[in-house]
Each structure stands twice: as C-alpha cells, then as structure tokens.
Amino acid sequence: MNPLPHLRTLFEPILTQLATNAAKVPDYLGMIRVSQNPEHGDYQANFAMPLAKELKKKPPDVAAEIIAKLPENDLLELPQVAGPGFINLKLQSDWLAQQVRSMAADSRLGITPLAQPKKFVIDYSSPNVAKPLHVGHIRSTIIGDALTRLLRYLGHSVISDNHLGDWGTQFGMLIHGYRNFLVQEAYAKDPLRELARVYVEIRHLIAKEAEDLAIAKRVFPDDIEDLQTPTVVQCQRETAKLHAGDPDNVALWQEFMPHCLEALHQVYHKLGILPFDHEHGESFYNPMLPGVVADMLAKGIAFESEGAIVVPNVKGNVPKTEEERKKEEPPALIRKKDGAFTYTTSDLATIKYRIEAFQPDAMVYVVDFRQALHFRTFFAQARRWGCSDVALEHVSFGAMLSREGKPLKTREGNASELLPLLDDAVELGLRSYRESYAQRKEFGHDVPELSDAVIQDIAEAIGSGAVKYADLSQNRNSDYKYDPEKMLATEGNTATYMQYAYARCRAIFRKGQIDDARFRSSPPAVMIVHPAERTLCLQLLRFEEALLSAAAEYMPHYITAYLWDLAKSLSVFYENCPVLTAESPELKESRLLLVDLGGRVMKQALDLLGIRTVERM
RNA sequence: GGCCCCGUAGCUCAGCUGGAUAGAGCAACGGAUUUCUAAUCCGUCGGUCACGUGUUCGAAUCACGUCGGGGCUACCA
C-alpha cells in the first residue's frame, strides 16, 4: 500500500538494464522521493542526472528513454520530464482509491509484517531515584517510550529497561535525613510524602550551609552535594556505609526504595509512559562489578595505571604524559584507586547481563549527547571484551536549555520540576476546553454536556499530549529550548491539533449514527472526485513510509511530521467535502471510509508517540 | 590545547546520505462561520540559510578556513 516500493519495483529493471554499474541501482532507486512541490507530481525521480553522467548522455534524453521503457501499468500517469532532468511521477487516482480501500480492510493499516523481526533492548529514562524528576529527564523518557512503541508496532520485540540510579549519594542524604529530621507520625501516615519532605529539607539545609560558605551563587543547584558542607560530609559518610554493606543503612535503603519507585511511577503514570519490562538499576549490577574487573584483568583488556584499573581508549592507548592527555582520548576507569567502581564498570556489567539474559540483536541507549564520548569508548571496550554480535546504538539527544538558551541546570528553584509542569499542562487543557466550549455555545452550536470526569479526562489527554508532542516533534539532535508556553500551546502543529482532527472524525460518525465496523470488514469503493480526497488518500498510504523511516533512524519527529501533514489533509478534506450530505450514497460511503480510516491512522500514529486521543473535545 | 555538536524569517523550529522558486508553526495584518466540532480554514507580510573560499550541471546540505554559541576531555553519572 506504500507507493514507494511499487515505484521502485517498476523502475528497477529499467535502471538495471541502463546502468553500466549495477551496484549503483539501489542508490538510484533511493532517488525516488516525495515531491516537495505538488506541482511536480506526487513523487519525483532524480536518477536521470547521475545516470546521464555515467552514460555520457544528456539528462533529459536519459529521462525520456527511461519513461519510454516503462511497461504498461495501472500505477502511474505518464511521467513528465522537467527542469534539468527530473522525472515527475503522478499516481493514478484509481490506483490510490483501490489501495486505500485495501488499507481500510487491514487491521494493521497497511503495515507489512517484517521478514526478520529483531530483538531490541532499549535503555531510557534512567533517572536517579529519590530525587524529583526534572524537566531534563523528559526527553529520554518520552523518546525512549515512543521508540519502544514504534518498534513493537512494526513487529520487533522490545525489552525496555530503566537503568535507575538507585545506589548514589541521594540515599546517603535520605538516610541522614531519616535519622535527624524525620517526623515519625508523618512517615507512618504517608512515607512517600515525608521522605520527599525530608529530602527537600536536607537540600535546603545544604544550600544554606553552602551560602554560608559564600559560594552558593556560583554553584548549580544540581551540584550542591559536591560542596563539602558539614551536612554533605555526613551524607557522604552514610553513603559510604551503605556501599560497605552496613546492615542498618542497607535496611533503610531497602525500606526507602519502594517509596522512591512509587514516586517515580506516579510521574510515569501521569506522563502515560508504558511500564518498563525491567528496572535494573545500579544496585542490581553492584554485586557483579568485582567480577567484571577481574575478568577484564584476566583477559588482558584492562590493567593497572596510577593505582586505578583502566581500559585503553578507542585507539588502544592509555595516555600517560601531559602531552598525550591533551591530544588523546582518555581511557576508561573501571576501578578507582580508592577501590570504588565507576559507571563504566556498571555499564559493562549491564551489557554483559543483557546479552546473557536476553540475547538481543541491538541495544539502544537513549541518552543525552553529552555522553557521546563515553558511549564511543564504552562501546569499543565492550567489543574488545567480546560483545560483538550485538548492534550498539547511542540514540543521543540535544540539551534542554532555558528560554534564554542557557543550560537548564542554571535555573533556580522548583520551576523546572516535571510534576508541576504536568499539572499546569492539565490545567491548561481544562481551560482550553472550557474556552472552546464557551465559544461554541455562544455561537449557538449544539455542544454536548459532558460529565466532569469526561472533561477531566479530556484535559489530561490534552495536557500531557501537548508536553510530549512539543518535545517529540523536534529533531532529537537539536537542543531543546524549554518554554512552558511552547509546551502548552494548543494551536498549529501541536498535539491538540491532531487530537482535534481525530475528534472531528469521530463526530461525523456520532452525528450520523453510523457504525464504523463495516468500513473495516467490507469497505465500500473509494471515489476520488475532489483534490482534497486525492491528497488525503495519498497521505494515508504514506503511513508505513513514515513509520519505517522513523524506526530506521530512531527519529520520532518523522512521525509528527507525518501526523501534521495527515491532519492538514483531513482539515482541508472536511472543509471541501461534505460527508453526511454528500451528493450520492456511493460518495457518502466513500467519504465515510476516508474519515474512518483517517481517524484510525491518526489514533494509531499518536499512540505510537504515547499520546492519547479522545472521542470528543 | 584536542575532539564533537550547533548558527536557516521578529520568535520556536523543519529541511542537511547535494536536486527545481529554502518550508512550517507562532507573532503581525486581512478575510471566511446561522459548522459533519472555528481548538478550523484561506490569504498577505517576512530570509545575504553566520561569513569566506573551494568541489560540480546543481550547495542551506559536501570540504577547508574564519567568527560566534554549547559540550566533552581518567578517578561524578
């Protein structure tokens, strides 16, 4: 149903016949692409120009020759040569109509089953527990969630793993706080809330101490634990005891963990994130770390240097002198000279565990671009260690910046916490709904009276959808300028626009009291009589193309770009093509099919992004 | 110092494995509605694609250099 493979199949024999170098044919076939300008057809083939060079002919002549060799087919109108040798391709409307009809009958919406499904392990979100989630955590979480949904929908097997930071200094803080600042009654009543309060109190205390040291202003709020204030020192002592296996501290850690996880899961739930298959954090891998170091030493991959155990860099070197360190990439430390292990050790233990436990084809890490160098060296070390049969991917994403373009961590206060943002978003969803309701009411439109529960549901779908879409619609490699106004927008290229387009699809069926089932079980013929219908059909058939490219490059914004085009096509269609009052019963049936299918594709595509739809809004 | 990323309309961003006149949204301005949901649609305005040189039929896209911003650079993750 995706037109592109059909087009390639049509041209492949001709190109194979003409090209002197058969190896270039796949490249040429890749030069068939969607036209940027609809005046240039639905697709355009750009291979005549390089092919002409290869054949030492004029591009327009080669283009004409290719067209002349095209076999009889019901796919294309007669192609046109334009400009320096472009071949403009326009699909026959009858072909489009037939394909859309078969797509409607397909429960998978035209997505062809995979010849070779793969098994992925995706590592995303991975926050430090016992700290409130920051807006900076949202990108990994949302992108990873979308990729998990997408790959699964295409037919791959995906194991999602949340590599929690559950063994760090924040537990020293909680333990110290528990011993000194806990209100027992409050803890008994609501441990989660009391622990959060204690955590905040400790941070405030440290911040105050740091201020007394007259350095607070120059330090990021995230890093206040790094200052050697009296409280920090005490917290570090508790952390060290925990790591050393102190029974009291370990017992407290075990007591706290469920509450920390519960807090985390509450936010995930609010965000609408799929449950993780695993949440194996640092503590899970901790017992394996000595073995990792011993094994790497035994295999000669790692060795001692300046008291630490290191693994050479990508080039196989361990820079020693000042000169070398300036020029060369650093080695990775897997054991510090004080005997403690590092994140690299933990990452190596993780990769080994995942290979043994899951035997994946690919392991994907959805992590900040700042760790690019770490992943490059870590992947190289894993390979040397024998992890060779698995594809390793660092799906990186840009920094979260303030509105002024500064790194977000310089922001102060609680403004950048995730939970308040989500609450704001839902509140905004509610306000938007009420405004829209009032306007329609005032205009004299027949507006349904919905229950508070339904309205609340709409507000939540709009709110969390807006926040996610704002992030997912941007190329993940770009830095993201954090702007609540942008995240809460409900006009233009936003989740709300998509949800609205979907709700309108459903409104037609509701208004006409029509059952949609027959448009899926035995779809009627599709008639293309208006350009808006043609555009919509073409857009529907491009669904698979959008998903495949999004998956191939781990780029969710390809899906939002598709959604935006589809939703616009639907809007223009609504504008120009009356459905329930269509001129003939056949046309009405055809349009109902388009509306139903359009809604289904919208809903499915949004679902792949983790964005909900509602039947009315 | 070395390496990596970025610089596109007033703002936020697409486009970057080279392709036709560089596209959206927001903002500004002007229109459309007794609606199958106006959270919409149509139109206008707006660009030396940071700058320079090169590669070629063709460069926002590739190469080199300059300027500006950010990041990483063995004992934090």
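Proteins get letters first, then strands, A, B, ... in listed order; numbering begins at 1 in each.
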K.L.:
Looking only at side-chain N and O atoms, does A:Asn317 offer a donor or acceptor that is under 3.5 Å from a partner on A:Glu324?
P.N.:
no
K.L.:
Could you tell me which residues satisfy side-chain hydrogen bond (donor to acceptor under 3.5 Å, both in side chains) with A:Lys588, sequence neighbours excluded, listed by chain and number?
P.N.:
none
K.L.:
Grab the N/O contacts between the protein and nucleotides 8-19 of chain B below 3.5 Å, and write none if there aren't any.
P.N.:
from	atom 1	to	atom 2	distance (Å)
B:U12	OP1	A:Lys481	NZ	2.8
B:U12	O2'	A:Lys486	NZ	3.2
B:C13	OP1	A:Lys481	N	3.1
B:A14	OP1	A:Asn475	N	3.2
B:A14	OP1	A:Ser478	OG	2.5
B:A14	OP2	A:Ser478	OG	3.4
B:G15	OP1	A:His557	NE2	3.0
B:G15	OP2	A:Asn475	ND2	3.3
B:G19	OP2	A:Arg33	NH1	3.4

K.L.:
Does some side-chain heavy atom of A:Asp596 sit less than 4.5 Å from a side-chain heavy atom of A:Ile514?
P.N.:
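No, their side chains stay 4.5 Å or more apart.
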K.L.:
Applying ring-ring contact (aromatic ring centres under 6.0 Å, His included) to A:His163 and A:Tyr365, what does each step give before you reach the verdict?
P.N.:
CA-CA 10 Å; A:His163 195 260; A:Tyr365 296 82; 8.3 Å; no
K.L.:
Does a donor on one side chain and an acceptor on the other come within less than 3.5 Å for A:Tyr285 and A:Asp347?
P.N.:
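Short answer, no.
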K.L.:
When the C1' atoms of B:G69 and B:A50 are compared, how many Å lie between them, rounded to an integer?
P.N.:
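Taking atom C1' in both B:A50 and B:G69, they lie 11 Å apart.
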K.L.:
Can you name the atoms? Protein N/O to nucleotides 40-47 of chain B N/O, anything below 3.5 Å, with the distance.
P.N.:
from	atom 1	to	atom 2	distance (Å)
B:C41	OP1	A:Tyr497	OH	2.5

K.L.:
OP1, OP2 of B:A77 versus side-chain N and O of A:Gln371: anything below 4.0 Å?
P.N.:
no
K.L.:
On a whole-Å scale, what distance lies between the C1' atoms belonging to B:A14 and B:A22?
P.N.:
11 Å
K.L.:
How far, in whole Å, is B:G25 from B:C42 if one measures between their P atoms?
P.N.:
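9 Å, rounded to whole Å.
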K.L.:
If you measure from the C1' atom in B:A9 to the same atom in B:C45, how many Å do you get, rounded?
P.N.:
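It works out to 11 Å between them.
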K.L.:
Pick the closest RNA chain B nucleotide for A:Glu615 and for A:Pro331 by heavy atoms, then say which residue is nearer the 5' end.
P.N.:
A:Glu615
K.L.:
Please give the distance between the P atoms of B:U55 and B:G15 as a whole number of Å.
P.N.:
29 Å
K.L.:
Output yes when at least one side-chain N/O atom of A:Lys58 is less than 4.0 Å from OP1 or OP2 of B:C57, else no.
P.N.:
no
K.L.:
Could you give the CZ-to-C1' distance, from A:Arg616 to B:C36, as a whole number of Å?
P.N.:
14 Å
K.L.:
Say we look at B:U40 and B:C3: how far apart would their P atoms be, to the nearest angstrom?
P.N.:
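Rounded to whole Å, the distance is 49 Å.
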K.L.:
Does some side-chain heavy atom of A:Pro330 sit less than 4.5 Å from a side-chain heavy atom of A:Leu373?
P.N.:
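Answer yes - side chains close enough.
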K.L.:
Do A:Phe86 and A:Ser35 touch side chain to side chain, with heavy atoms closer than 4.5 Å?
P.N.:
no
K.L.:
What interatomic distance, in whole Å, is found between C1' of B:A28 and the corresponding atom of B:G10?
P.N.:
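Result for the C1' pair: 10 Å, nearest Å.
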K.L.:
Are the charged groups of A:Asp483 and A:Lys481 less than 4.0 angstrom apart, N to O?
P.N.:
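Salt bridge: no.
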K.L.:
Taking the six-membered ring of A:Phe509 as reference, does the cationic atom of A:Arg506 (NZ for Lys, CZ for Arg) lie under 6.0 Å from its centre and within 45° of its axis?
P.N.:
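Yes - A:Arg506 lies over the ring of A:Phe509, closer than 6.0 Å to its centre and within 45° of its axis.
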K.L.:
How close do A:Ile143 and A:Pro556 get, counting heavy atoms only, and between which atoms?
P.N.:
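That would be CG2-CG, 4.1 Å.
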K.L.:
Give me the distances for all protein-to-nucleotides 21-23 of chain B N/O pairs that come in under 3.5 Å?
P.N.:
none

K.L.:
On the six-membered ring of A:Tyr43, is A:Arg8 placed so that its NZ or CZ lies under 6.0 angstrom from the centre and within 45° of the ring axis?
P.N.:
no
K.L.:
Dot-bracket for RNA chain B, 5' to 3', counting Watson-Crick or G-U wobble pairs under 3.5 Å, with [ ] for crossing pairs and | for inter-strand pairs?
P.N.:
(((((((..((((.....[...)))).(((((.......))))).....(((((..]....))))))))))))....
K.L.:
For A:Glu460, enumerate each residue passing the side-chain hydrogen bond (donor to acceptor under 3.5 Å, both in side chains) test, keeping only those at least two apart in sequence or located in another chain.
P.N.:
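Scan of A:Glu460 (side-chain hydrogen bond (donor to acceptor under 3.5 Å, both in side chains), adjacent residues dropped) gives A:Gln456.
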K.L.:
Could you tell me the separation between the CG atom of A:Asp368 and the C1' atom of B:C4, rounded to a whole number of Å?
P.N.:
13 Å
K.L.:
For RNA chain B, whose closest nucleotide is more 5', that of A:Tyr437 or that of A:Pro578?
P.N.:
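Taking each residue's closest nucleotide, the earlier one in sequence belongs to A:Pro578.
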K.L.:
Rounded to the nearest angstrom, tell me the gap between atom CZ in A:Phe369 and atom P in B:C5.
P.N.:
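Taking atom P of B:C5 as the reference, CZ of A:Phe369 is at 11 Å.
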K.L.:
Is a donor from one side chain sitting under 3.5 angstrom from an acceptor on the other, for A:Glu54 and A:Tyr28?
P.N.:
yes
K.L.:
For nucleotides B:C67 and B:C51, find the distance between their P atoms and express it as a whole number of Å.
P.N.:
16 Å
K.L.:
Write down the distance between CG (A:Leu289) and P (B:C75), rounded to a whole number of angstrom.
P.N.:
18 Å
K.L.:
Measuring from the side chain of A:Lys53 (C-beta onward, heavy atoms only), which nucleotide among B:C72, B:U56, B:C36 has the closest atom?
P.N.:
B:U56
K.L.:
State whether A:Tyr480 and A:Lys486 meet the cation-pi test: NZ (Lys) or CZ (Arg) under 6.0 Å from the six-membered ring centroid, and within 45° of the perpendicular axis.
P.N.:
yes
